[in-house]
Amino acid sequence: MAEFLQSSLSNFTLNSVKWEAKTGCSPIRKLTPNQIQCVITEDKRRSIVKNGTDSLEICRVVNGMWQTSGGWGRIDRDNAVDAMLRYADAGLTTFDMADIYGPAEDLYGIFINRVRRERPPEYLEKVRGLTKWVPPPVKMTSGYVRENIDVSRKRMDVPSLDMLQFHWWDYSNPGYLDALKNLTDLKEEGKIKTVALTNFDTERLQIILENGIPVVSNQVQHSIVDMRPQQKMAELCQLTGVKLITYGTVMGGLLSEKFLDTNLTIPFAGPQLNTPSLQKYKRMVDAWGGWSLFQTLLKTLKTVASKHGVTIPAVAVKYILDQTAVAGSMVGVRLGLSEHIQDTNAIFSLVLDEEDVNSIQQVTQRGKDLLRVIGDCGDEYRRA
């Protein structure tokens, strides 16, 4: 392991000039060996994201709980928790949420208490709750950070958060480094098990690592349409061991049979874009290449899906799980409203062959380069 780490550090140093020319990010100083000890062990269903002594095993398909925050239909608490148990019983044991996702953290707290009461201890050991903290750009004092993390711990009813993924709105305010240093202190106290990021770009990820923050992952938007993470972020992740957890991977449901052979230019002729996620990712389709090209992509994905006896979403998720540095991918869950447990579990046995990948890439290469159109990971949240 020591030889591997030294080799990785040497390669990072030797490639610094090429890295700067390729990405526009200039290394401020060398990463230390401790900062590149992020490794991962993967099987078909689970991954271990790791940085030094910090590690967390997660399911590679993550249940996304943005859909509990309103806009997808009324969530009944008891039905939602029952649904969470069904997902976990099926082996889909990792849930992603945020302090700003309505009742998501509270639902997890009720769910985890039912797991403690109704399931064996070895079951509890597999369950993971990943949450995010999305603070306003105020002064990140130790007391302020601690107070907000304690709120999430109380809502989720856990002594230690499995993973805290940190979001920051404005890079011109360097307070994100203060926040992350305070989060690292809370990790040392045992209130957080792993510190992670969400929607940070490549340049800031590098700065954060160079400041000794032991992040294990960065959660970013990544789909067959949006391959930006593979253009800059993935190379830094390979050098440092930081992993990606992806969202938007099925584009809010646009990457599904429901939208195959539809024409959204004719009012009421196709499915309504009646959720925040459908509306968001339709804008991504427009930026990438438009609805006609997207239909070509859906037809190609349907051919691949039919060949393997799975659904379009299964192909879309597996394609991203096979990408460099990806530890897990999000599939949104509308708890108590609809379920796709069997289709989701089919992802783990799906193997995309060279013919499948080539057919998909023949379509995607016709789309626009979203890195040029939008910017790096997370830039869609920071444009004026």
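Bear in mind the structure is a predicted one, so any value in this text is a computation, not a measurement. Below, each value reflects all heavy atoms present in this structure, side chains not excepted, and no hydrogens, waters or symmetry copies.
- Contact check on D162 versus R128 returns no salt bridge, with no Lys/Arg side-chain nitrogen under 4.0 Å from an Asp/Glu carboxylate oxygen.
- K139 and D178 are not joined by a salt bridge, as no carboxylate oxygen comes within less than 4.0 angstrom of a charged side-chain nitrogen.
- Annotation for L254 and K282: closest pair CD1-N, 3.5 Å, computed over non-hydrogen atoms.
- Here I312 contributes atom CD1 and K299 contributes atom NZ; the two are 11.5 Å apart, rounded to the nearest 0.5 Å.
- Judged as a salt bridge (charged side-chain N to carboxylate O under 4.0 Å, His left out), and not counting sequence neighbours, the contacts of D82 are R114.
- Taking the salt bridge (charged side-chain N to carboxylate O under 4.0 Å, His left out) definition, one finds that R155 meets it with E105, D106, sequence neighbours left out.
- Between D96 and Q219, the side chains place a donor N or O and an acceptor N or O closer than 3.5 Å (distance only, hydrogens not considered).
- Interatomic distance, OG1 of T249 versus CD1 of I347, reported as 9.5 Å (0.5 Å rounding).
- Between R228 and D201, none of the side-chain N atoms (NZ, or NE/NH1/NH2) sits under 4.0 Å from a carboxylate O, so this pair counts as no salt bridge.
- Screening I149, L180, L130 for a side chain to side chain contact (heavy atoms under 4.5 Å, CB included) with L164, the sole residue that qualifies is I149.
- Closest of all the heavy-atom pairs between C59 and G91 is SG-O, 3.8 Å.
- Crowding of R117 atom CZ: a count of heavy atoms from other residues, nucleotides or ligands under 6.0 Å exceeding 12.
- Hydrophobic cluster membership differs between L371 and V326, with clusters built from Ile, Leu, Val, Met, Phe, Trp and Tyr side chains linked at under 4.5 angstrom.
- Between the side chains of Y171 and R204, no donor-acceptor pair of N or O atoms lies under 3.5 Å.
- A salt bridge between D185 and R146 is absent, with no side-chain N of the basic residue lying under 4.0 Å from a carboxylate O of the acidic one.
- Ion pair K307/D356 flagged as a salt bridge, since at least one NZ, NE, NH1 or NH2 atom sits closer than 4.0 Å to an Asp/Glu carboxylate oxygen.
- Using a 3.5 Å distance cut-off with no hydrogens or angles, the side chains of D99 and S152 do not pair a donor with an acceptor.
- Of all heavy-atom pairs between A327 and R60, the closest is O-NE, 3.0 Å.
- Screening residues 313-361 for ring-ring contact (aromatic ring centres under 6.0 Å, His included), with sequence neighbours left out, gives no hits.
- Nearest heavy atom pair, residue K280 against residue Y381, reads NZ-OH, 2.6 Å.
- Sorted by first and then second residue, the pairs that involve residues 105-128 and meet ring-ring contact (aromatic ring centres under 6.0 Å, His included), not counting sequence neighbours, are F95-F111, Y108-F111.
- Judged purely by distance below 3.5 Å, without hydrogens or angles, the side chains of T93 and R46 pair a donor atom with an acceptor atom.
- Shortest non-hydrogen contact noted between S359 and V304 is OG-CG2, 3.8 Å.
- A salt bridge (Lys or Arg N to Asp or Glu O under 4.0 Å) check over residues 258-279, counting only residues at least two apart or in different chains, returns nothing.
- Applying the ring-ring contact (aromatic ring centres under 6.0 Å, His included) test to every pair with at least one member in residues 203-262, sequence neighbours left out, gives no pairs at all.
- For R366, there are no side-chain hydrogen bond (donor to acceptor under 3.5 Å, both in side chains) partners, not counting sequence neighbours.
- By the side-chain hydrogen bond (donor to acceptor under 3.5 Å, both in side chains) test, E122 is found to be paired with no residue, residues two or more places apart in sequence or in another chain being considered.
- Between K191 and D150 there is a salt bridge, since at least one side-chain N of the basic residue sits less than 4.0 Å from a carboxylate O of the acidic one.
- Atom CD of E118 has more than 12 heavy atoms from other residues, nucleotides or ligands within 6.0 Å.
- The side-chain hydrogen bond (donor to acceptor under 3.5 Å, both in side chains) test applied to T198 returns no partner, not counting sequence neighbours.
- Here S292 pairs with nothing under the side-chain hydrogen bond (donor to acceptor under 3.5 Å, both in side chains) rule; sequence neighbours left out.
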### Message
K243 vs K50, test: side chain to side chain contact (heavy atoms under 4.5 Å, CB included). Steps then yes/no.
### Response
CA-CA 9 Å; K243 292 293 176 177; K50 180 177 174 66; over 6 Å; no

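- With W133 as the fixed residue, the side chain to side chain contact (heavy atoms under 4.5 Å, CB included) test singles out one of N148, L161, I192: N148.
- Taking every heavy atom of both residues into account, T68 and P103 meet most closely at O-CD, 3.2 Å.
- Listed by first and then second residue, the side-chain hydrogen bond (donor to acceptor under 3.5 Å, both in side chains) pairs involving residues 323-337 are T246-S329 (not counting sequence neighbours).
- Residue pairs that meet the ring-ring contact (aromatic ring centres under 6.0 Å, His included) test with at least one member in residues 293-313, sequence neighbours left out, are W291-F294.
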